[in-house]
Amino acid sequence: MNQLNTKTLGIGALAGLTAALLVLGASLQPSFSAVLYAASALPILLVGLGWGNMAAISAVVTAAAVGAIAISPSFALMMTLVTLLPAGWLSHLANLARPASELGGPEHLMAWYPLSDILLHLCGLVTIAVIVVGVMIGYGPELIDRLVDVLFGSLAQQQPEFSPDPAVAAQTKSLVLLMLPAIQGGMWVVMLFAAYYMATRIVSASGRGLRPREDIPSALRMNRNSIFVFLVGLAATFFGGLPALIGATVVGAFGAGFLLSGFAALHFRTRGKDWRLPALILCYLASLILMVPAFFILVMGLSDTRKAIALTPNKDVDAPKQTDTKI
């Protein structure tokens with residue numbers, strides 16, 4: 001058992017080192033920083049899904065230690081909040097299961113933690129991470145004022161006739177102030193879920209994964225309670241000040257969750273149609289370019305909230321022992 005634990009911790013440490021190197025690479029390559037940051041979650045997810053919680057904890061601690069030594073403790077804290085901790089927690093949730101009989105199901109089956117609840121946790125963790133990082137960097141009106149002034153100054157140098165109206169400049173600053181945390185939260189939810197999706201496929205193909213391979217188009221929906229969180233965040237954006245910033249972050253993160261579930265519902269509803277592939281490609285391209293198609297996909301996600309629970313045969317050797325988590 002000790003040898004097994006040592007091996008598991010070693011695998012986790014190696015994954016943590018890989019994750020830390022990816023984050024350090026992102027800091028050196030600004031043009032690919034978003035991709036490298038998102039990719040740094042993949043090693044944590046792989047060891048967490050394939051080797052369990054101890055490996056994930058070892059990976060997170062190792063990566064944080066490397067980040068603290070190589071850059072600074074504050075950098076390590078930011079890296080942990082934004083990437084490492086969400087990845088480790090997602091792998092933990094994905095490995096949770098309980099007897100299906102506790103939910104009124106058959107005796108011989110195990111019920112796995114619902115994908116809708118995993119997505120809910122992801123949106124919540126990203127919201128908290130973006131808020132904490134915003135506090136750490138001093139995000140607020142003063143920072144945005146300087147940013148927009150620099151942008152307008154650069155435009156004025158390139159186009160001498162450019163002279164923004166003070167009212168337009170103030171409106172732009174107010175819009176950017178709310179848009180940045182919303183966009184950051186939304187992008188991070190999408191990228192971390194993409195990393196989770198890739199990790200589940202890799203682990204499933206390797207034969208190490210305990211969780212069954214789910215049909216994402218039919219299983220990926222947001223938890224019903226997410227609607228209330230989204231609406232509260234939307235209402236908070238109208239209050240101004242700190243509540244508006246927090247509300248914008250909630251809208252961005254949870255809106256991305258509903259967008260993902262909307263695309264999953266679109267995939268599910270177009271199955272078997274001859275026009276499915278060109279229609280999906282058109283929807284993806286239009287959503288990247290225009291806001292209106294993305295809004296309709298978001299509404300589709302909002303209108304289809306449910307909880308799909310994956311079931312597998314009950315095998316005492318393979319089934320995890322966490323039976324105290326309520327689904």
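We use all heavy atoms of the structure for the numbers below, so side chains are in, but hydrogens, waters and symmetry mates are not. Quick caveat, the model's predicted, so the values are computed rather than measured. Numbering starts at 1 and runs along the sequence shown.
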Heavy atoms only: give me the nearest Ile44-Gly16 pair and the separation to one decimal.
CD1-CA, 4.4 Å
Taking Asp145 for its side chain and Lys173 for its backbone only, find out whether a donor-acceptor pair lies under 3.5 Å.
no
Only counting residues at least two apart or in another chain, list the ones meeting side chain to side chain donor-acceptor pair (under 3.5 Å) with Trp89.
His121
For Thr127 and Ala253, which heavy atoms make the closest approach, and how far apart are they?
OG1-CB, 3.3 Å
Apply the hydrophobic cluster definition, ILVMFWY joined by side-chain contacts under 4.5 Å directly or through others, and give me every member besides Phe295.
Val299
Kindly give the heavy-atom pair with the smallest separation between Ser40 and Thr83, and that separation in Å.
OG-CG2, 3.0 Å
Note, Phe254 side chain near Leu120 side chain (heavy atom, < 4.5 Å)
yes
Heavy-atom pair with the smallest gap, counting every atom of Ala63 and Leu84:
CB-CD1, 3.6 Å
Do the side chains of Tyr113 and Asp117 get nearer than 4.5 Å, heavy atoms only?
yes
Atom CD1 in Ile297, atom OH in Tyr284: separation rounded to 0.5 Å?
8.5 Å
Flag, side chain of Thr237 to backbone of Leu234, donor-acceptor distance under 3.5 Å:
yes
Does the side chain of Leu260 reach to within under 4.5 Å of the side chain of Leu119, using non-hydrogen atoms?
yes
As an exercise, state the distance from OG of Ser287 to CZ of Phe263, rounded to the nearest 0.5 Å.
3.5 Å
Quick one, Val232 with Val250, criterion side-chain contact (heavy atoms from CB on, under 4.5 Å). Give me CA distance, side-chain angles, the key distance, then yes/no.
CA-CA 9 Å; Val232 169; Val250 171; over 6 Å; no
Residues in side chain to side chain donor-acceptor pair (under 3.5 Å) contact with Ser218, at least two apart in sequence or another chain
Asp215
dist Leu49:CG -> Ser204:OG (nearest 0.5 Å) comes out at 10.5 Å
Distance col, row Leu85:CG vs Ile128:CD1, nearest 0.5 angstrom, shows 9.5 Å
Identify the heavy atoms of Ala15 and Val47 that sit nearest to each other, and give their distance.
CB-CG1, 3.4 Å
Taking the side chain as every heavy atom from C-beta outward, state whether Val132 and Met78 have any pair of such atoms under 4.5 Å apart.
no
Show me the pairs that pass salt bridge (Lys or Arg N to Asp or Glu O under 4.0 Å) and involve residues 216-229, at least two apart or across chains.
Arg221-Asp304
Would you mind listing the cluster partners of Phe296? Hydrophobic ones only (ILVMFWY), side-chain contacts under 4.5 Å, chaining allowed.
Val292
Report all side-chain donor-acceptor pairs from residues 175-196 shorter than 3.5 Å, counting only partners two or more places apart or in another chain.
unit_1, atom_1, unit_2, atom_2, d
Trp188, NE1, Val82, O, 2.6

What residues form a side chain to side chain contact (heavy atoms under 4.5 Å, CB included) with Arg276, not counting sequence neighbours?
His267, Thr270, Arg271, Lys273, Leu280
Met300: which residues meet the side chain to side chain contact (heavy atoms under 4.5 Å, CB included) condition with it, sequence neighbours left out?
Ala265, Leu266, Arg269
Main-chain N/O of Gly88 paired to Ser91 side chain as donor or acceptor, under 3.5 Å
yes
State yes or no: do Leu77 and Ile69 share one hydrophobic cluster built from I, L, V, M, F, W and Y residues joined by side-chain heavy-atom distances below 4.5 Å, directly or via other members?
no
Looking at side-chain heavy atoms only, is the closest gap between Leu22 and Pro43 below 4.5 Å?
yes
Listed by chain and number, what are the side chain to side chain contact (heavy atoms under 4.5 Å, CB included) partners of Glu214, not counting sequence neighbours?
Leu115, Arg211, Ala219, Ala310
Return the CD1 to CG distance between Ile137 and Leu143, rounded to the nearest 0.5 Å.
6.0 Å
Do any N or O atoms from the side chain of Ser261 and from the backbone of Phe258 form a donor-acceptor pair under 3.5 angstrom?
yes
hydrophobic_cluster_shared for Ile57 and Val23, side chain cutoff 4.5 Å
no
Are Trp112 and Leu93 packed together at the side-chain level, in the sense that at least one heavy-atom pair is separated by less than 4.5 angstrom?
no
State plainly whether one hydrophobic cluster holds both Leu298 and Leu282, where clusters connect Ile, Leu, Val, Met, Phe, Trp and Tyr through side-chain heavy atoms under 4.5 angstrom apart.
no
Linked, directly or transitively: Leu147 and Val133 (ILVMFWY side chains, under 4.5 Å)
yes
Residues forming a side chain to side chain donor-acceptor pair (under 3.5 Å) with Ser72, sequence neighbours excluded
Ser74
Donor-acceptor under 3.5 Å (Thr305 side chain, Leu302 main chain):
no
Can you list everything that forms a side chain to side chain contact (heavy atoms under 4.5 Å, CB included) with Leu14? Sequence neighbours excluded, please.
none
Closest non-hydrogen atom pair between Ala236 and Pro243, with its separation
CB-O, 3.5 Å
For the residue pair Ile216 and Phe268, establish whether any side-chain heavy-atom pair is separated by less than 4.5 Å.
no
State whether the side chain of Ser58 and the backbone N or O of Met54 hold a donor-acceptor pair below 3.5 Å, judged by distance alone.
no
Would you say Ile71 and Leu81 are hydrophobically clustered, going by side-chain heavy atoms of ILVMFWY under 4.5 Å?
yes
Just verifying a value: how many Å separate Phe230 CZ and Met222 CE, rounded to the nearest 0.5 Å?
9.0 Å
So which residues get pulled into Leu277's cluster when ILVMFWY side chains under 4.5 Å apart are joined, directly or through others?
Ile281, Leu285
